[in-house]
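Letters A, B, ... mirror the listed sequences (proteins, then strands); counts begin at 1.
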Amino acid sequence: MGIFAEIIVDNQSSNTDTLYTYKIPFDMKDRVKIGMRVMVPFGKGNKSLQGLIINITNSINFDEKKLKNISDIIDEDPILSKELIELGIWMRREYLAQYIEVFKTIMPTGITQKVKQCIYLLDSAEEKMDDIQSNNQKKILDYLKENNGESLENLKKHLEINHIHSSIKSLINKGIIDIETKIEQEVNKKSEKFVLKLFDNENMSEALKKINSRAHKQKEIIIFLKDYSVIKLSELIEMTNSNNSSIRALEDKKMIKIVDQEVTREILNKEFNKTNNKILTEEQRICHEIIYDSIIKEFDDKFLIHGVTGSGKTEVYLQLIEKVLSEDKQAIVLIPEISLTPQTVERFVSRFGKKIAILHSKLSLGERYDQWRKIKEGKVDIAIGARSAVFAPFSNLGIIIIDEEHENSYKSSMNPKYDTIKVAEKRCELESSVLVLGSATPSINSYYLAKNGVYNLIEMNKRANNQNMPDVKIIDMRYELEKGNKSIISEDLYSEINSSLNNNNQVILFLNRRGFSTFISCRKCGYVEKCPHCDISLTYHKNKGWLKCHYCGFAKKPPEICPDCESKYIKYFGIGTQRVEEIVKENFEKNPVERMDLDTTSKKNSHEEILNRFRNKKVDILVGTQMISKGLDFPNVTLVGVVAADLTLNLPDFRASERTFQLLTQVAGRAGRGEDKGSVIIQTYDPNHYSILYAKQHDYKGFYEEEIQLRKAFNYPPFTNIISIVFSSTNQKSLENITKRVSDVIIKNIEYKNSKFDINNSIVGPNPAPIPKIKNKYRWQILVKANDKDLNMIKNIIYWVCIKNKYNIPINQITISIDINPNSVI
DNA sequence: AGCACGCCGACT
DNA sequence: GTCGGCGTGCTC
């Protein structure tokens with residue numbers, strides 16, 4: 001009904017991050033809808049820009065005469081539903097991002113179109129040309145004589161003219177040239193040639209007679225086509241070993257016809273055997289029933305399934321999806337990028353066939369676009385993918401399942417820096433869908449919310465096939481050193497590897513070498529330097545030779561002898577998987593060893609190839625990072641060794657214990673999946689740390705209770721929110737100045753809004769960031785702790801200071817990155 | 001972010 | 001009158 005449209009324009013600038021109002025021309029009135037993309041004139045030059053319609057309205061508080069008209073409609077139908085638009089608007093506020101950033105995340109990259117401004121000489125140009133005085137204008141006309149209709153972009157590139165716009169404008173005014181806007185679809189639908197058979201099998205012999213007796217190939221093709229009515233041209237050529245000319249000849253004889261047919265680029269080209277529902281265990285059945293109840297009642301309930309490794313969560317997901325589909329609704333399944341392997345996808349495809357779209361980061365633009373369109377057009381009912389699949393454009397969403405919900409890849413590190421779980425929650429609320437989170441080791445945050453009634457908690461404590469949990473042995477590496485074993489492999493681990501290999505079983509060795517910094521620790525007593533204020537291990541900063549706390553800025557020189565036991569075996573730790581691989585190879589010369597980490601899996605299928613070699617027993621020992629810690633199911637693996645549990649434990653992050661517990665539990669879950677009982681060996685210098693002890697006992701709840709106490713005592717999430725603001729610039733001096741000015745203004749504003757706010761304990765910094773320089777840019781950081789009550793107030797202040805620049809601080813000289821509840825503060 | 005516009009100085 | 005350089009301010 002409305003006559004005005006509120007539009008986001010495709011102009012990436014914080015200054016244009018608002019809704020712009022345009023008039024809807026009378027003839028477009030019935031076609032324009034919310035969620036459509038349109039073309040609008042923008043700015044003084046009326047440059048044609050893409051816009052997304054957010055709202056249509058009758059009333060404006062604006063001078064109507066100033067409004068411009070929408071110039072064109074791009075989409076026949078809206079590409080975003082009202083719910084997804086609302087979700088985007090919510091995300092913008094929640095994560096302090098721009099409209100454009102948010103909607104480019106929600107829409108597939110492959111769908112954005114390019115706009116070209118093409119410049120044409122008018123018919124009458126020749127006569128008027130002689131009057132031109134300006135050299136620049138002459139240059140433009142000369143160029144256009146050769147390249148009529150060339151794009152403005154290319155004109156700029158080829159003719160180095162400074163004020164090209166004013167020259168072009170005066171040429172337009174003189175009636176010599178004209179600009180036309182062309183929309184270019186960046187991704188084209190892929191089409192493929194198919195061969196149709198135009199004869200019946202009965203009169204095949206008749207058809208054969210018409211073919212020259214020397215044309216053997218054509219006859220062969222006709223005979224081959226007996227079993228097909230339609231076949232891909234490429235396939236036909238390959239199968240009959242023929243070429244295009246014989247096929248064209250047959251087409252001329254009207255025996256076959258070649259047609260273009262649009263295809264979606266197929267990702268799953270393998271055929272999978274169909275699997276059927278398994279009979280659920282009692283625990284699975286109860287879990288299924290509770291959630292199913294919410295689905296049919298169309299409640300937007302949220303569930304957290306805490307199920308031990310091997311408890312069969314996936315089977316529950318599968319049967320829930322089946323129910324959702326039978327209600328004519330659709331399902332989204334989110335999986336961490338790292339475990340989005342063909343094996344995972346296979347479980348879904350083998351149950352539901354090809355009504356599945358798969359979205360992940362390694363897809364090409366075209367592939368992504370195709371998957372997105374299949375969802376949009378209702379050709380599939382299930383979308384599986386990494387975090388961005390949460391935006392899959394289903395029209396009647398029934399359920400979102402987030403597997404391994406504790407994984408940190410669910411938090412985006414790019415703008416908008418969204419948390420997939422929160423976004424999924426919001427989307428489920430908007431669309432009355434059910435949210436299911438699942439994990440063997442839920443994040444402390446999610447479990448806390450479940451315990452406090454935000455999520456419905458469902459526990460699954462038994463393994464589905466009644467296997468026992470593997471035995472876990474903790475090896476005290478300090479003792480190992482005392483015994484004179486300076487190797488990174490303890491005697492116990494060595495002998496267990498030996499016996500596993502002798503029994504023809506396989507071994508996984510795990511070492512999580514991540515992050516940039518090393519910590520220092522005493523090899524005799526295990527002492528680790530910690531910050532006296534923060535209960536977090538200090539990080540060794542190589543450039544300054546200091547030990548430093550990343551939370552409060554505390555710093556000291558590293559000790560030369562251990563402050564605890566006075567030993568001089570102070571060690572800077574820094575082993576990685578590569579060194580482990582080397583050492584294992586030296587020790588077990590006869591057994592093939594392979595390493596799987598980011599370095600060895602950069603090629604497209606290398607991930608799968610390594611796992612296949614391991615599955616086929618071409619490899620006996622697999623060394624790897626967390627890549628090997630989840631979802632893999634190798635029945636021959638009886639031993640899992642954790643080379644150094646301390647690596648994650650001593651990361652300077654309040655989530656270090658949580659990460660360690662999760663990793664150890666997940667890794668341990670890889671052992672003993674077949675008939676033989678598995679065992680796990682954890683090597684550590686800190687054998688009494690609670691996260692290691694609880695992991696040994698497979699005791700999640702015990703770990704949770706202890707960890708949540710610490711979080712409360714030190715006021716960390718989930719009891720507070722952490723906002724990290726990182727400032728960066730190549731200019732060290734101005735960076736420090738500006739950062740301090742911004743920081744002051746923020747603090748003053750917070751104090752003004754809430755005089756009771758505990759500035760001292762809630763704001764850390766400004767300090768040089770834990771990584772003070774990346775790619776030649778210096779970095780400073782402010783950390784703000786904000787409870788739920790203050791969060792919006794503080795976010796608002798940050799918005800006005802750091803984004804809208806209300807206080808005229810020269811922030812345009814630096815880059816500001818705001819992360820709300822970041823994965824880690826490093 | 002672009003882009004126009006205005007102002008200035010330099011060059012024909 | 002034309003051209004380049006640079007700072008400022010706006011975009012429905």
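Whole-Å rounding puts the A:Ile100 CD1 to B:dG2 P distance at 12 Å. Taking atom CG of A:Asp17 as the reference point, atom C1' of C:dC12 lies 14 Å away to the nearest angstrom. As a whole-Å value, the separation of A:Leu49 CG from C:dC12 C1' is 12 Å. In this structure, A:Asp10 atom CG and B:dG2 atom P are separated by 10 Å, rounded to whole Å. Straight-line distance from the CD atom of A:Gln98 to the P atom of B:dA1: 9 Å, rounded to whole Å. One atom, CD1 of A:Ile3, and another, C1' of C:dC12, lie 14 Å apart when rounded to the nearest Å. Rounded to whole Å, atom C1' of C:dC12 lies 16 Å from atom CG of A:Leu52. At whole-Å resolution of the value, CD1 in A:Ile811 and P in B:dA1 are 11 Å apart.
A donor-acceptor pair under 3.5 Å links the side-chain atoms of A:Thr420 to the main chain of A:Tyr410, judged by distance alone.
Side chain to side chain, A:Lys68 and A:Asn46 meet the donor-acceptor criterion of an N or O pair below 3.5 Å.
Under a 4.0 Å N-O distance rule, the pair A:Arg37/A:Asp75 qualifies as a salt bridge. Salt bridge status for A:Glu86 with A:Lys82: absent, with no side-chain N to carboxylate O gap under 4.0 Å. Taking a cutoff of 4.0 Å between a charged side-chain nitrogen and a carboxylate oxygen, A:Lys795 and A:Glu94 qualify as a salt bridge.
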Sort me out a list of protein N/O and nucleotides 8-11 of chain C N/O pairs below 3.5 Å, or just none if empty.
| unit_1 | atom_1 | unit_2 | atom_2 | d |
| --- | --- | --- | --- | --- |
| C:dT11 | O3' | A:Gly43 | N | 3.2 |

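For an aromatic pair to be called close, the ring centres must be under 6.0 Å apart, and A:Tyr22 with A:Phe42 fails this.
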